[in-house]
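A short worksheet on the structure shown next.
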Amino acid sequence: ERYRKEGFFATDTGVMPSLTNPNNISIITGVLPGIHGITTSGLTFNREKWNYELKADSKDIKCGSLLQAFQNHEIKVATITTKDKLRFLLSRGLDGINISSEATARFYCGNIDEIIQISIEEAKTGKLLEGVNEEFMYSPISSFFSLDLGIALIGGKGPYIPEVLYISLSDYIPHRYEEGSEPANNFIKGIDDRIKILDEFGCNIGITADHGMNNKYNPDGTPNSIWLKDILEGRVDNFRILLP
């Protein structure tokens, strides 16, 4: 509320497809998916191999990023993602701090200095995390931990204090709980408390949703969805459904 009054506030338009990866990459590149090339958060269909592949490789990004531009001008950059698959996309052209809270979930209650160092070392391996720690990821804690890692870096706990820090949170809680509900309010308060700490450090802070959110359920609790497979079966002889 203070930022609305003292800073800048506006409603913006996300890009299509309305998914995490296309919008995060649009934020860091400043261009649309048709230019940067990331059009999905999950699987993509390889027409040559005729199979599905995970689209989580920074090599698939067809242009440079704002983060790269900062780094090229010797400005210290760091990225922290909640989801490990997004870390890979943000790492394009960066040789600084590029870590995810998901990859270090097993160290969550450990020493923050050691966790940051382990995160940096693991990021250097270039391997995508296999398997999901559901208890950690499907909770508010995963996003809070990402912000806590950012606070630690700004507070001098890493190899350097970043001058530009990009943090991406999880949208699990907004997907799961409606606006104004207790879990949603607690989630926003947890974010707000941590933003306050960054604010007290004197950071210039920009906050945005990376994509929009619609109600996924009808009033009776049934999914507000159209199941394309059910419609096509019996009407079309041969079809394959692709993610957008």
Side-chain angles (χ1 to χ4, degrees), residues 1-4 9-28 38 40-42 56 79-90 99-109 112 115 119 128-129 131-154 165-199 203 205-225 243-244:
E1 288 301 315
R2 180 165 66 82
Y3 285 177
R4 283 176 183 248
F9 173 80
T11 300
D12 205 353
T13 305
V15 302
M16 288 294 291
S18 183
L19 299 167
T20 298
N21 287 4
N23 278 273
N24 269 275
I25 302 307
S26 290
I27 291 170
I28 68 159
I38 301 301
T40 178
S41 285
T79 67
I80 301 172
T81 64
T82 301
K83 299 174 183 176
D84 199 57
K85 63 181 181 180
L86 181 58
R87 170 175 66 87
F88 269 66
L89 291 175
L90 295 184
I99 59 181
S100 78
S101 64
E102 182 178 8
T104 50
R106 62 191 184 280
F107 306 111
Y108 170 61
C109 293
I112 198 80
I115 291 171
S119 300
L128 182 65
L129 188 69
V132 176
N133 184 332
E134 295 187 1
E135 184 178 357
F136 179 81
M137 290 304 294
Y138 300 147
S139 76
I141 295 173
S142 58
S143 290
F144 295 163
F145 190 37
S146 294
L147 286 165
D148 290 339
L149 289 171
I151 290 168
L153 288 179
I154 295 295
L165 173 61
Y166 186 90
I167 304 177
S168 174
L169 308 183
S170 165
D171 54 8
Y172 172 72
I173 296 299
H175 271 303
R176 182 69 180 83
Y177 299 99
E178 66 181 348
E179 184 180 0
S181 65
E182 185 175 355
N185 287 346
N186 290 339
F187 179 61
I188 296 301
K189 184 182 184 304
I191 293 174
D192 198 49
D193 290 342
R194 288 162 173 82
I195 294 296
K196 180 182 179 183
I197 296 173
L198 291 171
D199 187 52
C203 299
I205 299 172
I207 305 169
T208 181
D210 58 84
H211 64 74
M213 190 72 66
N214 292 323
N215 198 331
K216 302 296 190 294
Y217 292 90
N218 296 311
D220 61 0
T222 57
N224 180 23
S225 302
L243 289 169

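Nothing here was measured: the structure is a model prediction, and the numbers come from that model.
- For D210, the side chain to side chain contact (heavy atoms under 4.5 Å, CB included) partners are T20, N23, N24, I27, not counting sequence neighbours.
- Residues D84 and A103 come closest through the heavy atom pair OD1-CB, 3.6 Å.
- With N133 contributing its side chain and F136 its backbone, the two residues share a donor-acceptor pair below 3.5 Å.
- Scored by the side-chain hydrogen bond (donor to acceptor under 3.5 Å, both in side chains) test, T104 finds no partners at all (sequence neighbours excluded).
- Side-chain contact between E102 and T82: absent, with no pair of heavy atoms (C-beta onward) separated by less than 4.5 Å.
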Listing, residues 173-183 side-chain donor-acceptor contacts under 3.5 Å, not counting sequence neighbours, or none:
{"from": "H175", "atom 1": "NE2", "to": "D171", "atom 2": "OD2", "distance (Å)": "3.4"}
{"from": "S181", "atom 1": "OG", "to": "E178", "atom 2": "O", "distance (Å)": "2.7"}

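- Defined by atom type and a distance below 3.5 Å, a donor-acceptor pair is missing between the side-chain atoms of T81 and S168.
- Using a 4.5 Å heavy-atom cutoff, the side chains of D12 and T208 are not in contact.
- Looking at I154 and I151, their side chains never come closer than 4.5 Å, going by heavy atoms from C-beta outward.
- Taking CD1 of I195 as the start and CD1 of I205 as the end, the distance is 5.5 Å to the nearest 0.5 Å.
- With rounding to the nearest 0.5 Å, the separation of CD1 in I167 from CG in L90 is 12.0 Å.
- Contact annotation: the side chain of I188 never approaches that of N186 to less than 4.5 Å [non-hydrogen atoms, C-beta and beyond].
- Remark: side-chain polar atoms of R87 are not paired, donor with acceptor, to backbone N or O of K83 under 3.5 angstrom.
- D220 places a side-chain N or O within 3.5 Å of a backbone atom of T222 that can act as its donor or acceptor partner.
- S139 contributes atom OG, which lies 9.5 Å from atom CZ of F187 (distance to the nearest 0.5 angstrom).
- Using a 4.5 Å heavy-atom cutoff, the side chains of F144 and R194 are in contact.
- One distance of note links CD1 of I80 with OH of Y166; it measures 12.5 Å at 0.5 Å rounding.
- Residues satisfying the side-chain hydrogen bond (donor to acceptor under 3.5 Å, both in side chains) criterion with K189, sequence neighbours excluded, are D193.
- For F9 and Y3, the gap between ring centers reaches or exceeds 6.0 Å.
- Heavy atoms only, all atoms of each residue included: T40 and N21 are closest at O-CB, 3.4 Å.
- The minimum heavy-atom distance between S146 and S101, with the atom names listed, is OG-OG, 3.0 Å.
- In this structure, CG in L147 is found 6.5 Å from CD1 in I191, a value given to the nearest 0.5 Å.
- Partners of A209 by side chain to side chain contact (heavy atoms under 4.5 Å, CB included), not counting sequence neighbours: none found.
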Would D199 and K196 count as a salt bridge (Lys or Arg N to Asp or Glu O under 4.0 Å) here? Give the steps.
CA-CA 5 Å; D199 187 52; K196 180 182 179 183; over 6 Å; no
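- Applying the salt bridge (Lys or Arg N to Asp or Glu O under 4.0 Å) rule to R4 yields the partners E1; only residues at least two apart in sequence or on another chain are considered.
- Counting heavy atoms from C-beta outward, F145 and I112 have side chains that approach closer than 4.5 Å.
- Note that CG of D148 is 11.0 Å distant from CG of L153, once rounded to the nearest 0.5 Å.
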